[in-house]
Amino acid sequence: MRATIGRMIEASGLTKRYGRTVAVDNLSFTVGEGRVTGFLGPNGAGKSTTMRMILGLDRPTSGDVLLDGKHYRNLHQPLRTVGALLDAKWVHPNRSARAHLRWLAASNKLPTSRVDEVLDLVGLTSVAKKNAGGFSLGMSQRLGIAAALLGDPQVLLFDEPVNGLDPEGILWIRRFMHQLAENGRTVFVSSHLLSEMAQTAQDLVVIGRGKLIYQGTVEDFIAHATETTVLVRSPQLDALAELLRIGGGTVAPDTGTPPGLRVSGMDSAEIGELAAANGIVLHELNPQVGSLEQAFMQLTGDAVEYHTHEEASSA
Amino acid sequence: MSLVSAERIKLFSTRSPWACGLLAIALPVAFTALLAAQAGGDLEIDIGATQLTAGLGRSVVLVLAALAVTSEYRFGTIRSTFQAVPNRSAALLAKALVVAGLTGVIGACVGFGCWAMFRLIKPNAGLALDSGQDWRTVAGQALVFALAALLALGVGILVRQTAGAVALLLVYSLLVESLVTLIPKVGQDIQHWLPFFAADRFIGVGRDNGAREVVDLPLTPWGYLLYFAVIALAVLTAGIFSATRRDA
């Protein structure tokens with residue numbers, strides 16, 4: 001079934017170097033038509049750089065990214081094909097919201113009536129004549145979304161759209177993205193929060209340090225990334241650890257009080273039976289279901305660019 | 001055409017071009033009034049004398065033109081511009097057209113405004129526009145302002161920072177060109193080939209001012225305009241070329 005879905009965004013071998021720093025490293029992924037794809041990675045993983053390369057703002061050091069089979073620079077009146085919100089603060093503070101949209105519309109031969117339509121759509125009609133510099137982050141974000149929707153594009157790119165928003169704003173953006181997806185648009189949205197993506201996305205592209213870590217559905221990602229472990233506590237820890245290793249499990253010490261073992265590769269039933277057969281007392285036998293955030297941390301843990309010192313030393 | 005109207009909306013929807021435009025006209029016209037009121041004695045009155053303060057307006061226009069693009073870099077709207085119009089040369093040329101149009105009108109207002117003000121105060125000084133040379137001096141401000149603005153736009157695109165671009169333009173046009181003459185022997189010869197000196201020679205500001213040493217200039221007034229135009233367009237081209245190469 002996935003094979004019938006058109007590839008709306010297709011990156012191949014995308015690489016961006018700034019001097020000696022590699023921001024995006026041989027990145028290849030596809031974004032399916034009519035789906036919401038989350039673009040996930042820790043801060044500094046290269047998400048924004050990738051988005052700028054998709055939009056032709058930054059020139060890839062090597063590699064290519066195509067939109068519906070074309071380079072962005074070859075799109076005729078690109079706002080009609082791709083709408084994007086990369087940074088809500090990219091507005092002139094002394095220009096009114098309406099004037100901001102008016103020049104964008106004019107550049108792609110869109111009628112002025114469309115400006116009023118999108119202002120209405122995002123609920124900014126009453127402040128349309130106010131200068132964008134006085135807008136709150138939430139309002140700026142709405143203005144950015146209005147700009148993205150101006151050309152009624154089939155593809156939408158959003159870079160960290162909920163960052164810094166209050167709960168009401170977050171809810172509004174989330175609902176809005178669901179709406180866009182229901183209209184059959186292709187949405188590519190970046191975030192460093194997996195929980196946010198689980199709420200909105202069907203597919204995921206996960207990167208860390210500019211490299212692709214995972215591409216596929218959200219469900220597969222969670223299944224793939226969350227290795228189930230079992231927490232065991234026993235007064236005979238050393239003997240138990242030895243048995244489990246022989247039995248084929250992987251054992252790691254758990255530093256809780258009282259100390260325990262974290263076992264992977266065996267489920268709780270196998271561990272319990274093994275302990276009973278060898279007369280070992282168990283105080284706790286607790287399967288740990290991995291959460292989304294854990295899955296994400298597990299996959300990108302090695303790829304986070306800026307560890308705090310505590311993390312680095314305990315790792 | 002759609003790109004030109006986009007740039008027109010952009011330029012006129014913020015306050016600074018309006019403020020710069022009005023200042024660029026009011027400043028030289030007001031100073032001309034002072035100058036005319038005190039004229040006589042040392043100052044030989046001719047059409048060139050009516051344009052002595054136009055340089056003030058030209059400096060403000062340099063700021064206006066540089067701001068037209070540096071503010072886009074400052075606030076990130078240049079990215080929205082290039083996103084809407086991936087052909088960066090076309091987008092920047094449209095901006096150049098709009099800026100040149102506006103500053104040309106400002107230049108005409110300054111040229112004729114200063115002349116009219118001088119004539120109003122000194123009605124008997126014989127300041128009618130009789131010859132082609134007189135017309136060139138007054139109406140020529142439109143061309144000089146527009147070309148100066150294109151040069152400033154090019155510098156703005158290259159430098160990208162408002163403070164840097166404005167400082168460079170003002171220090172160069174107001175100080176460096178006149179300080180060059182202090183270089184012994186070659187200073188004056190170098191000055192004869194500097195862009196704003198060339199613009200002034202086209203206008204003919206102070207051409208009969210007795211204080212200036214009469215020297216043979218390498219170019220005719222129209223030759224100087226062409227020379228100034230070539231430099232302005234070369235700087236603009238360099239700016240546009242670098243913008244197409246750089247990351248936005």
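Sequence lines set the chain letters: A, B, ... in the order given, protein chains first and strands last, and positions in each chain run from 1.
When the shell of 6.0 Å around NZ of A:K130 is examined, it contains 12 or fewer heavy atoms from other residues, nucleotides or ligands. More than 12 heavy-atom neighbours from other residues, nucleotides or ligands sit within 6.0 angstrom of OH on B:Y172. Within 6.0 Å of CZ in B:R246 there are more than 12 heavy atoms belonging to other residues, nucleotides or ligands. Counting non-hydrogen atoms of neighbouring residues, nucleotides and ligands closer than 6.0 angstrom, the CZ atom of B:R74 reaches no more than 12 such neighbours.
Counting heavy-atom pairs under 4.5 Å between each of A:H92, A:K109, A:H100, A:R80 and chain B puts A:H92 at the top. Of all the listed residues (A:S107, A:A147, A:A99, A:A84), the one sharing the greatest number of non-hydrogen pairs under 4.5 Å with chain B is A:S107.
Only the side chain of B:R88 comes within contact range of chain A, with at least one heavy atom under 4.5 Å from a heavy atom of that chain. Neither the backbone nor the side chain of A:A105 comes within contact range of chain B, judged by heavy atoms closer than 4.5 Å. The part of A:N131 that comes within reach of chain B is its side chain, from C-beta onward, which places non-hydrogen atoms under 4.5 angstrom from that chain. For chain A, no part of B:S16 is nearby; none of its heavy atoms comes within less than 4.5 Å.
Scanning all heavy atoms of the two residues, the minimum distance from B:S80 to A:W90 falls at OG-O, 3.9 Å. In plain terms, the two heavy atoms of A:R59 and B:R245 that are nearest each other are NE-O, 3.5 Å. Nearest heavy-atom pair across B:A84 and A:L104 is CB-CD2, 4.0 Å.
Here the CD atom belonging to B:Q83 is positioned 11.5 Å from the CD1 atom belonging to A:I54, to the nearest 0.5 angstrom. The distance from the CG atom of B:L3 to the CG atom of A:N108 is 8.5 Å, given to the nearest 0.5 Å. The CH2 atom of A:W103 sits 7.5 Å away from atom CD of B:E7, with the distance rounded to the nearest 0.5 Å. Atom CD1 of B:I9 is separated from atom CZ of A:R95 by 9.5 Å, given to the nearest 0.5 angstrom. In this structure, the separation between OG1 on B:T81 and CG on A:L57 is 10.0 Å, given to the nearest 0.5 Å.
Salt bridge annotation for B:D247-A:K16: present, with a cationic side-chain nitrogen under 4.0 angstrom from a carboxylate oxygen.
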